[in-house]
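A note on names: the letters A, B, ... follow the listed sequences, proteins ahead of strands, and every chain is numbered from 1.
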Number of protein chains: 2
Amino acid sequence: MMGSMSKHPKYQQVADALRREIDNGTYGPGARLPSEAELATRFEASRNTVRSGLNLLVSQGLITSSQGLGYEVRKHEVFELNASRFENLQFPQNGDAYSTDVMNAGRRPHQTFRVELTTTTEYIAQRLEVPAGSRAVLRFCHRFVDDVPWSTQATYYPDWLLQEAPRLAEPGDIAEGTTRYLAGLGVEQVGYADEIATRMPTPEEARLLEIGPGVPALLWTRTGYTAERPVRCTVTTFRGDLNRMNYEIGDLSARNENEAQ
Amino acid sequence: MMGSMSKHPKYQQVADALRREIDNGTYGPGARLPSEAELATRFEASRNTVRSGLNLLVSQGLITSSQGLGYEVRKHEVFELNASRFENLQFPQNGDAYSTDVMNAGRRPHQTFRVELTTTTEYIAQRLEVPAGSRAVLRFCHRFVDDVPWSTQATYYPDWLLQEAPRLAEPGDIAEGTTRYLAGLGVEQVGYADEIATRMPTPEEARLLEIGPGVPALLWTRTGYTAERPVRCTVTTFRGDLNRMNYEIGDLSARNENEAQ
DNA sequence: CGCATCAGCTTGTACCAACAAGTTGAGCAA
DNA sequence: TTGCTCAACTTGTTGGTACAAGCTGATGCG
């Protein structure tokens with residue numbers, strides 16, 4: 001402790017020391033860290049300084065804190081999302097694929113659903129190739145796994161499509177699935193463009209998904225096209241710490257059959 | 001100011017108020033916020049309380065701070081990454097595709113490169129289907145755009161492959177590209193598995209990519225397979241605020257030809 | 001035994017003070 | 001003019017204090 005000789009600020013030394021001890025297993029996933037008072041003694045720092053260091057680790061997603069309980073090392077439990085799977089399955093607007101996926105993993109799925117008439121943001125309008133602010137139907141889905149918020153999914157359909165497919169604007173599920181419904185009306189999707197982005201969640205997103213500090217959001221935008229033009233744009237928001245997106249490209253069929261055994 | 005009646009803590013009210021003003025354009029991208037002292041007066045709070053609020057916005061990636069200068073609203077400049085493009089191009093290990101991409105965008109590319117013999121981490125070993133800790137060649141690339149760090153790319157080749165392809169372990173570029181080199185030796189890639197994840201950067205990543213607080217990292221793992229087994233695993237790390245990953249699935253060829261015009 | 005209370009731990013919020021360190025522009029000296 | 005110094009701003013760091021609020025287990029009453 002004497003000759004640290006470091007020109008780093010003290011709160012950073014605290015954070016670095018704790019990070020090392022978390023990395024090397026001194027404090028494993030789920031373990032409780034010493035209290036602020038104990039750390040203050042150990043590092044010969046004030047409680048405020050120790051708090052600054054801990055705060056750094058919190059905002060880096062390494063630990064969490066709860067009043068009355070203390071700090072504990074975050075444990076990561078990742079849920080794999082296979083984006084390629086939906087290629088043939090069609091997109092699970094009514095949550096069929098989602099529900100079976102979750103139940104197959106031994107979890108309990110739950111979702112809320114609503115439909116509303118809204119106007120397009122710049123972002124959505126650009127992808128649907130309609131004027132910004134034009135009318136659109138939003139079908140919104142809020143999904144939970146074991147009562148833990150998992151994702152929000154917002155699918156926008158452009159105004160012109162509603163003439164051909166009025167049931168899109170009606171509240172409630174479309175039993176056969178929107179993709180099949182649209183295909184039955186001659187609107188057939190031939191391809192997708194996916195965009196994946198990440199950023200810190202907005203307060204609204206943090207509330208809906210119960211995202212704590214230091215955890216980024218993973219945003220998945222899928223725009224579906226017929227041969228002529230885009231027909232839908234889906235923005236799905238995930239908790240970044242609980243999800244990973246997977247794509248398979250090329251011919252891995254032989255491999256996948258192996259893994260299935 | 002009088003009847004706020006809010007049970008939210010004061011530092012959160014400060015953060016919320018500033019966030020609203022950033023959202024509604026009072027402070028646009030790049031704008032400078034009032035100083036801590038001014039905000040303290042306006043919100044009738046101490047400097048520390050104002051700092052707590054500002055800190056919240058910093059760790060949410062909404063603003064940045066610099067000593068002596070003040071706080072300013074972060075401006076987002078996104079660089080699109082088209083993952084599907086590499087499907088046919090082969091993976092640009094020597095940076096050819098990267099350099100042309102960047103120069104086409106009117107930017108100046110720059111990269112450093114090194115090769116080293118290392119051992120596999122659990123994560124890499126699992127994807128290469130080799131024992132954890134086994135020997136592997138790491139070809140590491142650090143990329144810049146206009147001298148701003150852009151990405152780090154680490155490609156691992158399993159031990160067994162070095163018997164057939166010794167040049168992988170030699171320092172320096174492989175002129176024709178590693179994929180072509182391997183194909184010439186009969187090691188032909190037939191598919192990829194991509195994984196995309198996000199999390200807050202480690203200090204090491206934050207240093208290499210100059211990632212400030214409140215900005216997540218975007219991790220792209222691509223495992224390349226021959227018909228029999230994995231032959232390489234590439235982990236690319238991006239700044240989450242500067243990059244977006246794009247995939248195209250299905251038949252969008254007609255659309256892409258249109259856009260090219 | 002069952003259960004409510006409370007002491008004693010934890011973190012959260014809010015304030016004050018002082019000084020360090022980075023930036024900028026005014027103003028002076030060569 | 002040019003170039004340097006420095007005052008006056010900015011945020012960064014570190015210490016202190018006090019009280020609020022959440023959690024847990026021990027205590028003791030009924």
**OP:** Can you run down the salt bridge (Lys or Arg N to Asp or Glu O under 4.0 Å) pairs that involve residues 53-66 of chain B, sequence neighbours left out, and say none if there aren't any?
**Re:** none
**OP:** Can you tell me which residue pairs pass the salt bridge (Lys or Arg N to Asp or Glu O under 4.0 Å) test with a partner in residues 8-33 of chain A, sequence neighbours excluded?
**Re:** A:Glu21-A:Arg42
**OP:** Measure the shortest side-chain to side-chain distance between A:Ile63 and A:Arg74 over non-hydrogen atoms and say whether it is less than 4.5 angstrom.
**Re:** no
Subject >> Heavy-atom closest contact (A:Leu218 atom, A:Met245 atom, distance) >> reply: CD2-CE, 4.2 Å
Original post:
So which nucleotide from D:dG15, C:dT10, D:dT13 ends up closest to the side chain of A:Ser35?
Top reply: C:dT10
**OP:** Would you mind telling me which of D:dA18, C:dA18, C:dA14 lies closest to the side-chain atoms of B:Arg47?
**Re:** C:dA18
How many whole angstroms separate atom [atom1] of [X] from atom [atom2] of [N]?
| X | N | atom1 | atom2 | result |
| --- | --- | --- | --- | --- |
| B:Glu36 | D:dC9 | CD | P | 15 Å |
| A:Leu39 | C:dT11 | CG | C1' | 12 Å |
| B:Lys10 | C:dC16 | NZ | C1' | 14 Å |
| B:Gln12 | D:dA21 | CD | C1' | 15 Å |
| A:Leu33 | C:dC9 | CG | P | 20 Å |
| A:Asn48 | D:dT17 | CG | C1' | 10 Å |
| B:Tyr11 | C:dG12 | OH | P | 8 Å |
| B:Lys7 | D:dA21 | NZ | C1' | 16 Å |

Subject >> Residues that A:Glu72 engages under salt bridge (Lys or Arg N to Asp or Glu O under 4.0 Å), provided they are two or more places apart >> reply: A:Lys75
Original post:
With sequence neighbours excluded, what pairs up with B:Arg47 under the salt bridge (Lys or Arg N to Asp or Glu O under 4.0 Å) test?
Top reply: B:Glu36
Subject >> Near-strand residues of residues 50-72 of chain B, defined as heavy-atom separation under 4.0 angstrom from DNA chain D >> reply: B:Arg51, B:Ser65, B:Ser66, B:Gln67, B:Gly68, B:Gly70, B:Tyr71
Subject >> side-chain hydrogen bond (donor to acceptor under 3.5 Å, both in side chains) involving B:Thr237 - partner list, sequence neighbours excluded >> reply: none
Original post:
Does a nitrogen or oxygen in the side chain of A:Ser46 sit under 4.0 Å from OP1 or OP2 of D:dT14?
Top reply: no
